[in-house]
2 protein chains.
Amino acid sequence: MRTGKAGRPPQDPARQLARAHRILDAAGELVLRWGYDKTTIDDVATTAGVAKGTIYLHWKTREELFSALLRRERVILLTEVRRRAEDGTGMPGELITLLAGALVERPIMKASLLGDSSVLGKLTRLKRDSDSPTALETHLETYLGELMTYGALRADLTPREHAHILASILYGFMIVPQLLPAGYRLPDARLAELTGDAGGRALTPNAPDAPVTPENARAIARVTLDYVDNALEIAQRKLAASLGDPLGDPLGSKEK
Amino acid sequence: MRTGKAGRPPQDPARQLARAHRILDAAGELVLRWGYDKTTIDDVATTAGVAKGTIYLHWKTREELFSALLRRERVILLTEVRRRAEDGTGMPGELITLLAGALVERPIMKASLLGDSSVLGKLTRLKRDSDSPTALETHLETYLGELMTYGALRADLTPREHAHILASILYGFMIVPQLLPAGYRLPDARLAELTGDAGGRALTPNAPDAPVTPENARAIARVTLDYVDNALEIAQRKLAASLGDPLGDPLGSKEK
DNA sequence: AAATGACCAGATACACACATCCAGTCAAAC
DNA sequence: GTTTGACTGGATGTGTGTATCTGGTCATTT
C-alpha cells in the first residue's frame, strides 16, 4: 500500500491532475509558438479553457508553471528513452542514439539543453543553475565509472573526460543543424544515428582490444537501465512535486 | 634616428605595413579586453600610438579594420596549423587536433567560430554571412571527397555527413568548456587532443577494415597539406587586400 | 607628402513622463 | 469547496527632448 498522502483529498484528484496536464499542454504549445517571454498566463488559460485563477490553484507563480512544463518534458523524454532502451545492449553509442533521437523530437527539451533563449527567453539560465547541475553530473560520473569497470568505456580516459566528451558531442550535434543553412541539414533520424555513432566511437574501446564478456555485457545493460531508471525516478518525483498539491495542501506548504 | 613625432619618412611601404600590424595588435588586445562594441577607434589609435586619422589611411571604415584583424587571425591560425602539419600524416584526427590546439590559443578565432557576441558584438553574424560560408564548405567537401578515395575517411558516410560530423565535434568541444563551471574544464592541450581523438574515431575507418597502403598514406598527407596550403593562400590573399593599399594605391583604387 | 587632432554630424545613451501590459489576488458566483 | 474574471500595482514598453559619444573628415603642421 502506497497511499502516502495523509490529509484529505479535497475533491477529485484525478480530474485535477488531468486539468493540470491540459494546462501544461497549452503552455507547451504556446511556448513553442511564441517563446516563453511572450506567452502570458492569460493565453495559457484561454488555450486550456480554464480561468486564469484556476492556474494559480495549481502553481503559485508563472515560473513554477513553466518549471513543471520542463519537468514534464524531461519525464516524457526519459520515459521514451527508457522504453526504447528496454531491450538494448546499454552500450554508450546506443544510448546516445536513443537520447539524441528523443531530443530531436522534443523541441522544448532541446531548447532547454542548448539554452536557446529564443524559446525559453529569461527562463534559459535559471534552469541550468537550479535544477540538474551537480546532482545529475555526479550520478553521471558514477554511472560512467561503472561502465568503465565493465569495459564498456575506454580505460585510457577518466570518467570526467568521458563526461566531457559525451557533453561535447551531444551538444555539438544538436546545435550545429541550427547554425547551418536549412539546405544542409540532415534528417532527424540520421542526425541521431550519427550522434550515437560518433559518441560510441569516441567513448568505446576498439573492438579487438578488450572483448566484452557475456556477463559484463549483461552488467552493462543492467547498470544502464538502472541509471536511466534512476534518472527517470528522480524526474518523476520532481514532476509530482510540481503537479501535485494545489496551494492549500498542508504537506506542500513548507516545501523547498 | 629621431622621428619621435614629427618624423617624415617619405614613404616606406615596409614601415607602413609594420604600422598596420601595430594597429591590429592594439585592436586585438582591446577587442579581447572590452569586446568589439566597446572598442573605439580612438582607443585603438591611442593604444597603437598613432593618431586617429592615421588609421583611416589604412582602412576606410571601422569595420574594415576589424575585418582585417579577423583575417590576420585566420592567417596566423592557418600558418600555425600548416607549420605543425608539416611532417604529420594528414589523417583527420591529427589535423583536427592541430586545428583545435591552434583554436584554443587564439581566442578571437574561437570567438569567431562560435559566434561569441560577448567578444564580437555586432560583428558576430556579419562574418558568418560574408566571408567563408559557401566557398570554404565547397573546398572542404572536395577535400573530404579526396580523403575518402584514399581510404582516410569512412566509406559508409557521404562527404556531407563527414563535414557535418566534423563541424559538430569541433563546435561541441570548443563551446562546452565555456558552459561548464570553471572547475570542470580540462587543460587546453588535453581538450585539443580529445577533440582530435573523437574526430578521428568518428571519421576514420576502423583500423583492420581497410589498411591504408603506403602510397595512399603519402597521397593523404599530400592532399591534406595541399588543402591547408590552399586555405592559407586564400586567407593570405584576403589579408593582403585588407592590409595593403593605403587608400591612394593605384591597384586598390577601384574600391567602392 | 605624411601625419595629426580639432571638428562635425549622426548615432547612441540617458532621463523623464506617460501608456500599456500582465502576474497575481480576491470577492462573488456557482 | 471550487471556479471565476474583474481588478490592482509593479513592471515593462514608448515617446521625446537632451546630452554624450564616436566614426569619419580635412585644414593645418612638420
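Heavy atoms only: backbone and side chains are in, while hydrogens, waters and symmetry mates are out. Every chain is numbered from 1 and lettered A, B, ... according to where its sequence line falls, protein lines coming before strand lines. What you see is a predicted model; the values in this text were computed from it and never measured.
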Colleague: CG of B:Asp42 versus P of C:dT4: gap in Å, rounded?
Modeller: 13 Å
Colleague: How close or far is atom C1' of D:dT22 from atom CG of B:Asp43, stated in whole angstroms?
Modeller: 10 Å
Colleague: Under 4.0 Å, counting only non-hydrogen atoms across every strand here, what does A:Thr54 touch: a base, just sugar-phosphate, or nothing?
Modeller: base
Colleague: Just the rounded figure in Å: distance from P of C:dT12 to CG of B:Asp37.
Modeller: 10 Å
Colleague: Distance check: side-chain N/O of B:Arg15 vs OP1/OP2 of C:dA2, anything under 4.0 Å?
Modeller: no
Colleague: Within this structure, what is the CZ-to-P distance between B:Arg62 and D:dT22, rounded to whole angstrom?
Modeller: 9 Å
Colleague: Any donor-acceptor pair under 3.5 Å between the side chain of B:Lys52 and the base of D:dG24?
Modeller: yes
Colleague: Calculate the interatomic distance between A:Trp34 atom CH2 and C:dC22 atom C1'; express it in whole Å.
Modeller: 14 Å
Colleague: Would you say B:Arg185 has more than 12 foreign heavy atoms packed within less than 6.0 Å of its CZ?
Modeller: yes
Colleague: Is A:Arg19 near enough to D:dT2 that one of its side-chain N or O atoms lies under 4.0 angstrom from OP1 or OP2?
Modeller: no
Colleague: B:Leu57 has a side chain; which of D:dT4, C:dG24, C:dT4 sits nearest to it?
Modeller: C:dT4
Colleague: Looking at side-chain heavy atoms only, is the closest gap between A:Gln178 and A:Lys110 below 4.5 Å?
Modeller: yes
Colleague: Of the nucleotides C:dA23, C:dG24, D:dG5, which has the atom closest to the A:Thr40 side chain?
Modeller: C:dA23
Colleague: When A:Glu86 is tested against each of A:Arg84, A:Arg83, A:Arg82 for salt bridge (charged side-chain N to carboxylate O under 4.0 Å, His left out), which residue passes?
Modeller: A:Arg82
Colleague: Would you say A:Arg33 has more than 12 foreign heavy atoms packed within less than 6.0 Å of its CZ?
Modeller: no
Colleague: Separation of B:Tyr56 atom OH from C:dT4 atom P, in whole Å?
Modeller: 15 Å
Colleague: In whole Å, I'd like the distance from the CD1 atom of A:Ile41 to the P atom of D:dG10.
Modeller: 19 Å
Colleague: Check this for me, if you would: do B:Asp43 and B:Lys52 make a salt bridge, where the nitrogen-to-carboxylate-oxygen distance has to be below 4.0 angstrom?
Modeller: no
Colleague: Starting at NE2 of B:His58 and ending at P of C:dA2, how long is that distance when rounded to a whole Å?
Modeller: 11 Å
Colleague: Looking at A:Gln16, does any N or O in its side chain come under 4.0 Å of the phosphate oxygens OP1/OP2 on D:dT3?
Modeller: yes
